[in-house]
There are 2 protein chains.
Amino acid sequence: MKRITIYDVAKEADVSLATVSRVINDSSVVREDTRIRVQQAIEKLGYKPNAIAQGLALSKTTTISIVMSEKLFGYNGKILNGLMDVAKIYNYNIMFHTTSRGITRMQDVIESIIKTRTDGVILFNDNFSEDELEVLQEYQIPMVVVGSKIGDTKLENVGNTYVDFEKMAYDLVNSYFEKGVEDITLLEDRLNASMLAELKKGVDKAFAERGKVFTQYVPYDESFKSSYVFLTEHFKKHAPSKLVIASRDSQAYAVLNACQEAGYKIPEDIELVCVNNNKYLTMTKPHISAYNIPEYDIGAVSMRLLTKMLVHDPSIKDNISIEMGYSFIPRGTTK
Amino acid sequence: MKRITIYDVAKEADVSLATVSRVINDSSVVREDTRIRVQQAIEKLGYKPNAIAQGLALSKTTTISIVMSEKLFGYNGKILNGLMDVAKIYNYNIMFHTTSRGITRMQDVIESIIKTRTDGVILFNDNFSEDELEVLQEYQIPMVVVGSKIGDTKLENVGNTYVDFEKMAYDLVNSYFEKGVEDITLLEDRLNASMLAELKKGVDKAFAERGKVFTQYVPYDESFKSSYVFLTEHFKKHAPSKLVIASRDSQAYAVLNACQEAGYKIPEDIELVCVNNNKYLTMTKPHISAYNIPEYDIGAVSMRLLTKMLVHDPSIKDNISIEMGYSFIPRGTTK
DNA sequence: CAGAAAAATGTAAGCGATTTCAAAATAAAA
DNA sequence: TTTTATTTTGAAATCGCTTACATTTTTCTG
């Protein structure tokens, strides 16, 4: 089965390939009647331009790579939706890469990004190291890092969309200080280390400003099947504090269930806030208070930013960072 | 910044491009000392073969497209993990496509699959129509459909991995018949229509064999924010039956919560089984009994099958279907 | 209606690899 | 040491498209 090429179309329409190419890319120079003739030939033969050949000719693949850690997979659905929708609008194809501890190292991913001559990359911020990314610089592949803030960097051509988790935690803790509550716990989350680091910074800062040291940081051992099991056990032994900050739904569940078993009342004795809103938080009794993060928008904005970088939009100079807002949704676990 | 091409390497190593190409593809013909010389040149220049050019020359992109419905996103994380891991092993790149009601129609996806000359496709079974897929046939792009069973098809070159949901439902219902329970409800799930259709077939069949007609099929209105809210309300009004089969975690939660509010005891008065196991089912009280589906394996097996089809493995003739097992995990919501 | 200007089309050179076939280098045989 | 067989290498065509530049066609002017 011979595949239809631009040459076949040219012959069918009795023009040169150049002309066919022009109508494909709707160049304005071609005359209306020949455009129609070519269009019909394309239709008739069912011709579909070969993006690979185009890519080679143009040194441009209209393809964007998304890189995320395998474990974050189920959690970033909405961000992905935002990314995909905007990519679709601008007609970009998406290459998908995952990193995982054992099988796929970041380096391999970078390697294949380069080999496939991807135009740009969206990278989920998960403790990557700058050194690994340097190769991308050599190839001048623009990148936007999504999730949490990246600090100063020597890298060029990198955008960033983030939620200010540090501020979120800082404000939250302060608001409880003002209510006279100082007994506060933050739960570790291995799934999203960079987010957690920001949260912790915020909490530490708030404590430091009051001349206190924050200590109630509950880590959990990864050998446990899930943080849920671990935390539930933990809180049966150690009474939780007045305010518990969870970073994920399962942690919030754990706190809720452990407290109920231990006979603590929520929110009377203990208040609970989850840093990531999702539907599961409204399936408990009481519903769990949470911060809502505009996930879809994060995806959409990130991709839009990248597309601008790709066409060297004049409004994009230097590395640009976009802060995404968030809102608190009070529910049954806070007073 | 000029990118390094095979030509640069050739000059550096003082050989022709042909030779460089040979060492890249470890052709056995090249002599050891020149191989080393070329290798060094590659190293020195940091040369990375251009996959696009290779793709053009070979009519082969070593790229596989994954197509799934946007809404299924968060639910298929583990399958995706399996797919990605195996793709990595065989060095395939992944193009990712989502379909969604408004923005992205299947046809557009197919169009870009063809344009990008993807070697094969993994399609999540979600009520696609055969007609849409016919174009892929013309281009002889192999495909494996994952999720649920596809019936007879005139399509060629399509593999299938599935869980026999029909049998699952059939056996489940029968086992309750044997215990004397005939009052059974199945909850609709719009998220995974093809799975639900299979389940319903199984239930219907079991009822039909006993000369009964199955009626307790609870649909839900999509205008509701989530099935959870709807079902919770529903069950406050209509008492659930002796056995409720939920197809998703949130549905199971709804049943559990509604029953608790209405004063029914689980599992004494009502038993509850969820068709898809996940971690959330062990965060309730009682834990929810469920069928465990080998999601990771489904992904891995599907991708492996596709890779075999791509190299025309002789063990693959005609369309091949692989049934994946499942197991029941009894927990607190069944007696 | 000739000549100039503008618009439309075609020619041919890339883009960066692979691969066939011929030529050169090396090894084996006489 | 020739001659012949075998390995290695290189030259050049090819994959399917874009585009600068040349050429042809059309439109406009006077």
When the distance from [atom1] of [X] to [atom2] of [N] is rounded to whole Å, what number comes out?
X: B:Tyr7; N: D:dA11; atom1: OH; atom2: P; result: 9 Å
X: B:Ile114; N: D:dG16; atom1: CD1; atom2: C1'; result: 16 Å
X: B:Lys11; N: D:dA11; atom1: NZ; atom2: P; result: 14 Å
X: B:Leu17; N: C:dT19; atom1: CG; atom2: P; result: 13 Å
X: B:Asn50; N: C:dT18; atom1: CG; atom2: P; result: 10 Å
X: A:Leu58; N: D:dA20; atom1: CG; atom2: P; result: 11 Å
X: A:Ile52; N: D:dT18; atom1: CD1; atom2: C1'; result: 15 Å
X: A:Lys60; N: D:dT19; atom1: NZ; atom2: C1'; result: 15 Å

Between [N] and [X], is there an OP1 or OP2 to side-chain N/O distance shorter than 4.0 Å?
X: B:Thr34; N: D:dT8; answer: no
X: A:Ser21; N: D:dT18; answer: yes
X: A:Thr19; N: C:dG10; answer: yes

B:Arg117: which of B:Ile141, B:Thr61, B:Thr63 passes side chain to side chain contact (heavy atoms under 4.5 Å, CB included):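 Testing each of B:Ile141, B:Thr61, B:Thr63 against B:Arg117, the sole residue satisfying side chain to side chain contact (heavy atoms under 4.5 Å, CB included) is B:Thr61.
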
Passing candidate, side chain to side chain contact (heavy atoms under 4.5 Å, CB included) with B:Val301, options B:Val86, B:Leu83, B:Thr161: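 Considering B:Val86, B:Leu83, B:Thr161, a side chain to side chain contact (heavy atoms under 4.5 Å, CB included) with B:Val301 is found only for B:Thr161.
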
Shortest non-hydrogen contact between B:Asp119 and B:Pro142, atoms and distance: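 Residues B:Asp119 and B:Pro142, closest heavy atoms: O-CD, 3.2 Å.
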
Heavy-atom donor-acceptor pair, B:Thr19 side chain to B:Val15 backbone, under 3.5 Å: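 No, because the side chain of B:Thr19 does not come within donor-acceptor range (under 3.5 Å) of the backbone of B:Val15.
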
Residue whose nearest DNA chain D nucleotide is more 5′ - B:Val15 or B:Arg117: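 By nearest-heavy-atom nucleotide position, the 5'-most residue is B:Val15.
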
Residue met sooner reading DNA chain D from 5', once B:Ala18 and B:Ala53 are mapped to nucleotides: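 By nearest-heavy-atom nucleotide position, the 5'-most residue is B:Ala18.
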
Residue whose closest nucleotide on DNA chain C lies nearer the 5' end, B:Ala57 versus B:Arg31: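 In this pair, the answer is B:Ala57.
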
Looking only at side-chain atoms of [X], point me to the closest of [options].
X: B:Ser16; options: C:dG16, D:dT18, D:dG10; result: D:dG10
X: B:Leu56; options: D:dC17, D:dG16, C:dA17; result: D:dG16
X: A:Gln54; options: D:dT18, C:dA17, D:dG16; result: D:dT18

Check: A:Arg22 side chain, C:dG10 base, donor-acceptor under 3.5 Å: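 When only heavy-atom distances are counted, A:Arg22 does reach the base of C:dG10 through a donor-acceptor pair under 3.5 Å.
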
salt_bridge(A:Arg105, A:Glu132) N-O dist < 4.0 Å: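 No, A:Arg105 and A:Glu132 are not salt-bridged.
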
